[in-house]
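First comes the structure, then the notes that go with it.
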Amino acid sequence: TISMAVIDKMGHVSVGTSTNGATFKVPGRVGDAPIPGSSAYADDEVGACGATGDGDIMMRFLPCYQVIESMRQGMEPRNAAMDAILRIARKYPDFVGAVFAINKKGVHAGACHGWTFQYSLRNSSMQDVEVITVAP
Amino acid sequence: RRSYARLLLGLLLLRFGGCLEAADHGGRAEEGGGVFPVVVSTWPFREAVRAAWEVVSASGAAGSAVDAVVAGCSACEVLRCDGTVGPGGSPDENGETTLDALIMDGTTMEIGAVAAMRYIKDGIKAAKLVMDHTEHTLLVGEKATSFAISMGLAGPADLSSPESIEKWTIWRQNHCQPNFWKNVVPAGNCGPYHPIDVPSGESKASVKHVLKRTQGEICQGLFEHDNFLEPVNPHLKSINRHNHD
(Lines give C-alpha, C1' and ligand atoms only; values in the text may rest on other atoms or scores of the structure.)
Protein backbone atom coordinates (compact mmCIF):
# COMPACT_ATOMS: atom_id res chain seq x y z
CA THR A 1 0.00 0.00 0.00
CA ILE A 2 1.04 3.50 -0.82
CA SER A 3 -0.13 6.29 1.46
CA MET A 4 1.12 9.68 0.30
CA ALA A 5 0.97 13.23 1.66
CA VAL A 6 1.80 16.44 -0.20
CA ILE A 7 2.08 19.98 1.18
CA ASP A 8 2.29 22.48 -1.70
CA LYS A 9 3.94 25.92 -1.80
CA MET A 10 0.80 27.59 -0.45
CA GLY A 11 0.68 25.20 2.48
CA HIS A 12 -2.31 23.27 1.13
CA VAL A 13 -2.24 19.64 2.29
CA SER A 14 -3.56 16.53 0.53
CA VAL A 15 -3.26 12.78 1.19
CA GLY A 16 -4.07 9.71 -0.84
CA THR A 17 -3.86 5.93 -0.70
CA SER A 18 -3.96 3.05 -3.15
CA THR A 19 -3.73 -0.68 -2.54
CA ASN A 20 -4.77 -4.09 -3.80
CA GLY A 21 -5.20 -5.19 -0.19
CA ALA A 22 -4.33 -8.39 1.64
CA THR A 23 -3.49 -11.53 -0.31
CA PHE A 24 -5.98 -14.43 -0.15
CA LYS A 25 -8.55 -12.19 1.53
CA VAL A 26 -12.14 -13.36 1.79
CA PRO A 27 -13.88 -11.96 -1.32
CA GLY A 28 -15.48 -8.59 -0.52
CA ARG A 29 -13.00 -7.74 2.21
CA VAL A 30 -11.91 -4.09 2.27
CA GLY A 31 -8.70 -2.92 3.98
CA ASP A 32 -8.14 0.38 5.75
CA ALA A 33 -6.79 2.27 2.72
CA PRO A 34 -10.19 3.75 1.68
CA ILE A 35 -11.35 4.35 5.27
CA PRO A 36 -11.07 8.07 6.10
CA GLY A 37 -8.81 8.63 9.12
CA SER A 38 -7.27 5.17 9.05
CA SER A 39 -4.62 4.97 6.30
CA ALA A 40 -4.56 8.70 5.63
CA TYR A 41 -5.87 12.00 6.97
CA ALA A 42 -5.09 15.67 6.29
CA ASP A 43 -6.06 19.11 7.58
CA ASP A 44 -4.43 22.32 6.30
CA GLU A 45 -4.54 23.68 9.84
CA VAL A 46 -2.47 20.81 11.27
CA GLY A 47 -0.66 18.60 8.73
CA ALA A 48 -1.00 15.05 7.39
CA CYS A 49 -0.61 11.40 8.24
CA GLY A 50 -0.16 8.17 6.27
CA ALA A 51 -0.34 4.58 7.52
CA THR A 52 0.17 1.02 6.31
CA GLY A 53 -0.01 -2.50 7.77
CA ASP A 54 -2.70 -4.93 8.91
CA GLY A 55 -5.75 -3.01 7.78
CA ASP A 56 -8.22 -5.34 9.52
CA ILE A 57 -6.81 -4.21 12.87
CA MET A 58 -5.73 -0.65 12.06
CA MET A 59 -9.11 0.53 10.76
CA ARG A 60 -10.58 -0.18 14.21
CA PHE A 61 -8.36 2.56 15.71
CA LEU A 62 -8.25 5.23 12.94
CA PRO A 63 -4.54 5.93 13.62
CA CYS A 64 -4.22 8.82 11.18
CA TYR A 65 -7.21 10.68 12.56
CA GLN A 66 -5.59 10.21 15.99
CA VAL A 67 -2.24 11.57 14.74
CA ILE A 68 -3.86 14.71 13.32
CA GLU A 69 -5.87 15.36 16.47
CA SER A 70 -2.80 14.80 18.68
CA MET A 71 -0.81 17.29 16.59
CA ARG A 72 -3.75 19.69 16.74
CA GLN A 73 -3.38 19.56 20.53
CA GLY A 74 0.28 20.51 20.16
CA MET A 75 1.99 17.10 20.10
CA GLU A 76 5.15 16.86 17.98
CA PRO A 77 4.90 14.51 14.94
CA ARG A 78 7.18 11.92 16.57
CA ASN A 79 5.11 11.66 19.73
CA ALA A 80 1.83 11.77 17.81
CA ALA A 81 2.99 8.89 15.58
CA MET A 82 4.18 6.79 18.52
CA ASP A 83 1.04 7.48 20.52
CA ALA A 84 -1.16 6.26 17.66
CA ILE A 85 0.90 3.07 17.24
CA LEU A 86 1.02 2.40 20.98
CA ARG A 87 -2.77 2.69 21.28
CA ILE A 88 -3.11 -0.23 18.86
CA ALA A 89 -0.16 -2.27 20.21
CA ARG A 90 -1.64 -2.07 23.72
CA LYS A 91 -4.75 -3.93 22.53
CA TYR A 92 -3.10 -6.07 19.84
CA PRO A 93 0.54 -6.79 20.83
CA ASP A 94 1.07 -8.87 17.65
CA PHE A 95 -0.24 -6.29 15.21
CA VAL A 96 1.93 -5.14 12.30
CA GLY A 97 1.69 -1.54 11.19
CA ALA A 98 3.32 1.86 10.78
CA VAL A 99 2.47 5.55 10.43
CA PHE A 100 4.24 8.69 9.27
CA ALA A 101 3.25 12.14 10.51
CA ILE A 102 4.11 15.58 9.10
CA ASN A 103 2.94 18.88 10.58
CA LYS A 104 2.16 22.07 8.70
CA LYS A 105 5.72 23.31 9.38
CA GLY A 106 7.08 20.31 7.49
CA VAL A 107 8.48 18.51 10.54
CA HIS A 108 8.02 14.76 9.99
CA ALA A 109 8.44 11.48 11.89
CA GLY A 110 7.56 7.78 11.69
CA ALA A 111 6.60 5.02 14.12
CA CYS A 112 6.02 1.30 13.64
CA HIS A 113 5.26 -1.98 15.38
CA GLY A 114 5.98 -5.57 14.34
CA TRP A 115 8.19 -4.79 11.35
CA THR A 116 10.81 -2.28 10.16
CA PHE A 117 9.19 0.59 8.29
CA GLN A 118 10.53 2.99 5.70
CA TYR A 119 9.06 6.20 4.35
CA SER A 120 10.21 8.35 1.44
CA LEU A 121 10.51 12.12 1.44
CA ARG A 122 11.36 14.94 -0.93
CA ASN A 123 11.31 18.64 -0.08
CA SER A 124 12.83 21.70 -1.70
CA SER A 125 16.09 21.40 0.25
CA MET A 126 16.81 17.96 -1.26
CA GLN A 127 18.21 17.02 -4.66
CA ASP A 128 16.28 13.74 -4.81
CA VAL A 129 14.06 11.45 -2.77
CA GLU A 130 15.40 10.36 0.63
CA VAL A 131 14.34 7.14 2.36
CA ILE A 132 14.07 7.12 6.16
CA THR A 133 14.12 3.83 8.08
CA VAL A 134 12.20 3.41 11.32
CA ALA A 135 12.96 0.30 13.41
CA PRO A 136 10.30 -1.14 15.76
CA ARG B 1 35.23 13.69 41.39
CA ARG B 2 32.33 15.99 40.36
CA SER B 3 33.25 15.90 36.67
CA TYR B 4 33.50 12.12 36.88
CA ALA B 5 30.00 11.93 38.34
CA ARG B 6 28.74 14.29 35.61
CA LEU B 7 30.39 12.14 32.94
CA LEU B 8 28.81 9.02 34.42
CA LEU B 9 25.40 10.72 34.56
CA GLY B 10 25.77 11.81 30.95
CA LEU B 11 26.62 8.29 29.84
CA LEU B 12 23.65 6.88 31.75
CA LEU B 13 21.29 9.39 30.15
CA LEU B 14 22.64 8.56 26.72
CA ARG B 15 22.26 4.84 27.32
CA PHE B 16 18.79 5.08 28.88
CA GLY B 17 17.61 7.59 26.28
CA GLY B 18 18.67 5.15 23.52
CA CYS B 19 16.57 2.39 25.09
CA LEU B 20 13.57 4.66 25.33
CA GLU B 21 13.93 5.46 21.64
CA ALA B 22 14.16 1.79 20.71
CA ALA B 23 11.44 0.74 23.11
CA ASP B 24 9.10 3.41 21.87
CA HIS B 25 8.11 1.46 18.81
CA GLY B 26 10.49 3.22 16.54
CA GLY B 27 9.48 6.79 17.02
CA ARG B 28 11.88 8.78 14.94
CA ALA B 29 11.82 12.50 14.50
CA GLU B 30 13.39 14.39 11.66
CA GLU B 31 13.63 18.10 11.17
CA GLY B 32 12.70 19.47 7.81
CA GLY B 33 10.48 22.36 8.74
CA GLY B 34 9.54 25.12 6.32
CA VAL B 35 10.94 23.71 3.06
CA PHE B 36 7.77 23.46 0.91
CA PRO B 37 6.64 21.87 -1.19
CA VAL B 38 7.15 18.47 0.45
CA VAL B 39 6.10 14.94 -0.56
CA VAL B 40 6.01 12.01 1.89
CA SER B 41 5.08 8.41 1.10
CA THR B 42 5.04 5.07 2.84
CA TRP B 43 7.85 2.69 1.78
CA PRO B 44 10.80 3.46 -0.56
CA PHE B 45 8.49 4.18 -3.48
CA ARG B 46 10.93 6.66 -4.98
CA GLU B 47 9.29 6.83 -8.44
CA ALA B 48 5.94 7.68 -6.87
CA VAL B 49 7.48 10.50 -4.84
CA ARG B 50 9.29 11.80 -7.93
CA ALA B 51 6.04 11.76 -9.92
CA ALA B 52 4.27 13.76 -7.22
CA TRP B 53 7.25 16.10 -6.85
CA GLU B 54 7.24 16.90 -10.58
CA VAL B 55 3.63 18.06 -10.33
CA VAL B 56 3.86 20.06 -7.12
CA SER B 57 7.28 21.68 -7.78
CA ALA B 58 6.74 22.63 -11.42
CA SER B 59 7.85 26.22 -11.99
CA GLY B 60 5.06 28.55 -13.05
CA ALA B 61 1.76 26.70 -12.99
CA ALA B 62 2.59 24.11 -10.35
CA GLY B 63 -0.03 21.45 -9.76
CA SER B 64 -2.05 21.39 -6.57
CA ALA B 65 -1.33 19.10 -3.62
CA VAL B 66 -4.33 17.00 -4.67
CA ASP B 67 -3.06 16.67 -8.27
CA ALA B 68 0.38 15.69 -6.95
CA VAL B 69 -1.04 12.96 -4.70
CA VAL B 70 -3.07 11.54 -7.60
CA ALA B 71 0.04 11.57 -9.82
CA GLY B 72 2.18 9.88 -7.17
CA CYS B 73 -0.30 7.15 -6.25
CA SER B 74 -1.14 6.54 -9.93
CA ALA B 75 2.57 6.02 -10.62
CA CYS B 76 2.58 3.28 -8.00
CA GLU B 77 -0.53 1.68 -9.51
CA VAL B 78 1.18 1.54 -12.90
CA LEU B 79 4.47 0.31 -11.41
CA ARG B 80 2.63 -2.14 -9.14
CA CYS B 81 4.82 -1.03 -6.22
CA ASP B 82 5.90 -4.04 -4.13
CA GLY B 83 2.98 -5.98 -5.67
CA THR B 84 0.74 -4.36 -3.04
CA VAL B 85 -0.51 -1.49 -5.23
CA GLY B 86 -2.53 -1.58 -8.43
CA PRO B 87 -3.65 -4.48 -10.62
CA GLY B 88 -1.89 -7.82 -10.84
CA GLY B 89 -1.34 -8.50 -7.13
CA SER B 90 -2.90 -9.78 -3.90
CA PRO B 91 -5.53 -12.16 -5.29
CA ASP B 92 -8.52 -12.93 -3.07
CA GLU B 93 -9.74 -16.48 -2.42
CA ASN B 94 -11.28 -16.55 -5.88
CA GLY B 95 -8.04 -15.40 -7.51
CA GLU B 96 -9.45 -11.93 -8.25
CA THR B 97 -7.66 -8.62 -7.61
CA THR B 98 -9.75 -5.69 -6.36
CA LEU B 99 -8.58 -2.16 -5.52
CA ASP B 100 -9.06 0.25 -2.61
CA ALA B 101 -8.08 3.94 -2.85
CA LEU B 102 -8.75 7.32 -1.23
CA ILE B 103 -7.98 10.99 -1.88
CA MET B 104 -8.44 13.76 0.69
CA ASP B 105 -8.21 17.56 0.30
CA GLY B 106 -6.97 19.00 3.59
CA THR B 107 -8.30 22.46 2.68
CA THR B 108 -11.92 21.53 2.04
CA MET B 109 -11.87 18.26 4.06
CA GLU B 110 -13.49 16.60 1.03
CA ILE B 111 -12.77 12.92 0.48
CA GLY B 112 -13.33 10.51 -2.39
CA ALA B 113 -12.76 6.77 -1.98
CA VAL B 114 -13.42 3.45 -3.67
CA ALA B 115 -13.28 0.02 -2.02
CA ALA B 116 -13.22 -3.54 -3.34
CA MET B 117 -13.52 -2.01 -6.80
CA ARG B 118 -13.47 -4.59 -9.60
CA TYR B 119 -12.27 -4.43 -13.24
CA ILE B 120 -10.84 -0.85 -13.08
CA LYS B 121 -7.06 -0.33 -12.99
CA ASP B 122 -7.05 3.34 -11.90
CA GLY B 123 -7.86 3.22 -8.21
CA ILE B 124 -7.01 6.73 -7.05
CA LYS B 125 -8.36 8.34 -10.23
CA ALA B 126 -11.70 6.67 -9.51
CA ALA B 127 -11.50 7.96 -5.94
CA LYS B 128 -10.93 11.49 -7.23
CA LEU B 129 -13.97 11.18 -9.53
CA VAL B 130 -16.05 10.35 -6.44
CA MET B 131 -14.73 13.51 -4.72
CA ASP B 132 -15.15 15.75 -7.78
CA HIS B 133 -18.51 14.54 -9.11
CA THR B 134 -20.57 13.32 -6.14
CA GLU B 135 -21.48 14.51 -2.68
CA HIS B 136 -20.52 11.06 -1.43
CA THR B 137 -17.28 9.88 0.23
CA LEU B 138 -17.05 6.15 -0.54
CA LEU B 139 -18.37 3.89 -3.34
CA VAL B 140 -17.78 0.14 -3.28
CA GLY B 141 -17.63 -3.00 -5.43
CA GLU B 142 -19.24 -3.30 -8.84
CA LYS B 143 -21.27 -0.14 -8.34
CA ALA B 144 -17.99 1.74 -7.98
CA THR B 145 -16.91 0.07 -11.22
CA SER B 146 -20.05 1.23 -13.06
CA PHE B 147 -19.60 4.77 -11.68
CA ALA B 148 -15.93 4.93 -12.77
CA ILE B 149 -16.72 3.73 -16.30
CA SER B 150 -19.62 6.18 -16.55
CA MET B 151 -17.18 8.99 -15.61
CA GLY B 152 -14.83 7.98 -18.41
CA LEU B 153 -12.28 5.63 -16.85
CA ALA B 154 -11.15 2.64 -18.95
CA GLY B 155 -12.82 -0.69 -18.16
CA PRO B 156 -13.98 -3.30 -17.52
CA ALA B 157 -10.53 -4.97 -17.47
CA ASP B 158 -9.13 -8.14 -15.91
CA LEU B 159 -7.00 -7.06 -12.92
CA SER B 160 -5.21 -10.39 -12.58
CA SER B 161 -1.69 -11.13 -13.81
CA PRO B 162 0.21 -14.37 -14.48
CA GLU B 163 1.99 -13.77 -11.15
CA SER B 164 -1.21 -13.30 -9.14
CA ILE B 165 -2.84 -16.37 -10.72
CA GLU B 166 0.27 -18.47 -10.07
CA LYS B 167 0.37 -17.26 -6.44
CA TRP B 168 -3.30 -18.18 -6.04
CA THR B 169 -2.87 -21.62 -7.67
CA ILE B 170 0.01 -22.52 -5.31
CA TRP B 171 -2.06 -21.34 -2.35
CA ARG B 172 -4.97 -23.57 -3.33
CA GLN B 173 -2.62 -26.53 -3.72
CA ASN B 174 -1.51 -25.78 -0.14
CA HIS B 175 -5.04 -26.34 1.19
CA CYS B 176 -5.76 -22.59 1.06
CA GLN B 177 -3.39 -21.87 3.94
CA PRO B 178 -2.92 -19.35 5.47
CA ASN B 179 -6.36 -17.75 5.34
CA PHE B 180 -8.49 -15.27 7.23
CA TRP B 181 -11.22 -17.67 8.48
CA LYS B 182 -11.95 -18.61 12.11
CA ASN B 183 -14.55 -20.75 13.92
CA VAL B 184 -15.40 -22.61 10.73
CA VAL B 185 -14.98 -26.11 9.35
CA PRO B 186 -12.95 -27.28 7.55
CA ALA B 187 -10.35 -25.00 9.13
CA GLY B 188 -7.29 -26.65 7.63
CA ASN B 189 -8.50 -26.81 4.06
CA CYS B 190 -10.19 -24.89 1.29
CA GLY B 191 -13.86 -24.02 1.58
CA PRO B 192 -16.77 -24.02 1.33
CA TYR B 193 -16.78 -23.27 5.07
CA HIS B 194 -19.47 -23.83 7.66
CA PRO B 195 -19.71 -21.86 10.91
CA ILE B 196 -19.11 -23.50 14.27
CA ASP B 197 -21.28 -21.69 16.77
CA VAL B 198 -18.92 -22.03 19.70
CA PRO B 199 -18.68 -19.21 22.30
CA SER B 200 -15.20 -17.65 21.94
CA GLY B 201 -12.48 -19.18 24.14
CA GLU B 202 -13.90 -22.71 24.00
CA SER B 203 -11.42 -25.60 23.59
CA LYS B 204 -11.07 -27.79 20.52
CA ALA B 205 -12.64 -30.69 22.44
CA SER B 206 -15.89 -28.76 22.80
CA VAL B 207 -15.71 -27.91 19.11
CA LYS B 208 -15.69 -31.65 18.40
CA HIS B 209 -18.58 -32.07 20.79
CA VAL B 210 -20.55 -29.35 19.01
CA LEU B 211 -19.83 -30.92 15.64
CA LYS B 212 -20.96 -34.38 16.77
CA ARG B 213 -24.14 -32.89 18.19
CA THR B 214 -24.93 -30.75 15.16
CA GLN B 215 -23.38 -32.76 12.33
CA GLY B 216 -23.92 -36.27 13.71
CA GLU B 217 -21.75 -39.24 12.80
CA ILE B 218 -20.86 -37.86 9.39
CA CYS B 219 -18.09 -35.86 11.04
CA GLN B 220 -16.64 -38.88 12.80
CA GLY B 221 -14.46 -39.91 9.89
CA LEU B 222 -13.19 -36.40 9.40
CA PHE B 223 -11.49 -36.21 12.77
CA GLU B 224 -8.79 -38.63 11.64
CA HIS B 225 -7.31 -35.76 9.66
CA ASP B 226 -6.34 -33.55 12.51
CA ASN B 227 -5.97 -30.58 10.20
CA PHE B 228 -9.72 -30.72 9.75
CA LEU B 229 -9.87 -28.48 12.83
CA GLU B 230 -6.36 -27.22 12.99
CA PRO B 231 -5.71 -24.16 10.79
CA VAL B 232 -2.07 -23.38 10.23
CA ASN B 233 -1.06 -20.92 12.98
CA PRO B 234 -4.55 -19.46 13.31
CA HIS B 235 -3.18 -16.35 14.97
CA LEU B 236 -0.11 -15.90 12.82
CA LYS B 237 -1.36 -13.58 10.08
CA SER B 238 0.99 -13.41 7.14
CA ILE B 239 1.20 -9.60 7.14
CA ASN B 240 4.54 -8.52 5.72
CA ARG B 241 6.20 -6.06 3.37
CA HIS B 242 4.64 -7.74 0.36
CA ASN B 243 1.24 -8.53 1.86
CA HIS B 244 -0.44 -5.72 3.76
CA ASP B 245 -2.83 -2.76 3.40
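Just so we're on the same page: letters track the sequence lines, and every chain starts at 1.
- With hydrogens and angles ignored, the 3.5 Å screen pairs no side-chain donor or acceptor of B:T42 with any backbone N or O of A:T52.
- Counting only distance, with no hydrogens or angles, the side chain of A:T1 and the backbone of B:D245 share a donor-acceptor pair below 3.5 Å.
- A:F117 touches chain B through backbone and side chain together, each having a heavy atom under 4.5 Å away.
- By a heavy-atom distance cut of under 4.5 Å, B:K167, B:W168 are the residues of residues 155-168 of chain B near chain A, going up by number.
- Neither the backbone nor the side chain of A:S38 comes within less than 4.5 Å of any heavy atom in chain B.
- Under the 3.5 Å distance criterion, the side-chain polar atoms of B:D100 are left unmatched by any main-chain donor or acceptor of A:P34.
- B:T84 contributes no side-chain N or O that, together with a main-chain N or O of A:N20, makes up a donor-acceptor pair within less than 3.5 Å.
- Using a 4.5 Å cut-off between heavy atoms, A:A51 contacts chain B through its backbone alone, with no side-chain atom that close.
- Contacts of A:P77 with chain B are absent, with no heavy-atom separation under 4.5 Å from either backbone or side chain.
- Using a 4.5 Å cut-off between heavy atoms, B:I111 touches chain A through its side chain atoms alone.
- Checking B:T107 against A:D44 by side-chain atom types alone, a donor-acceptor pair falls below 3.5 Å.
- Heavy-atom pairs under 4.5 Å with chain B were tallied for A:D128, A:I7, A:V96; the largest tally goes to A:I7.
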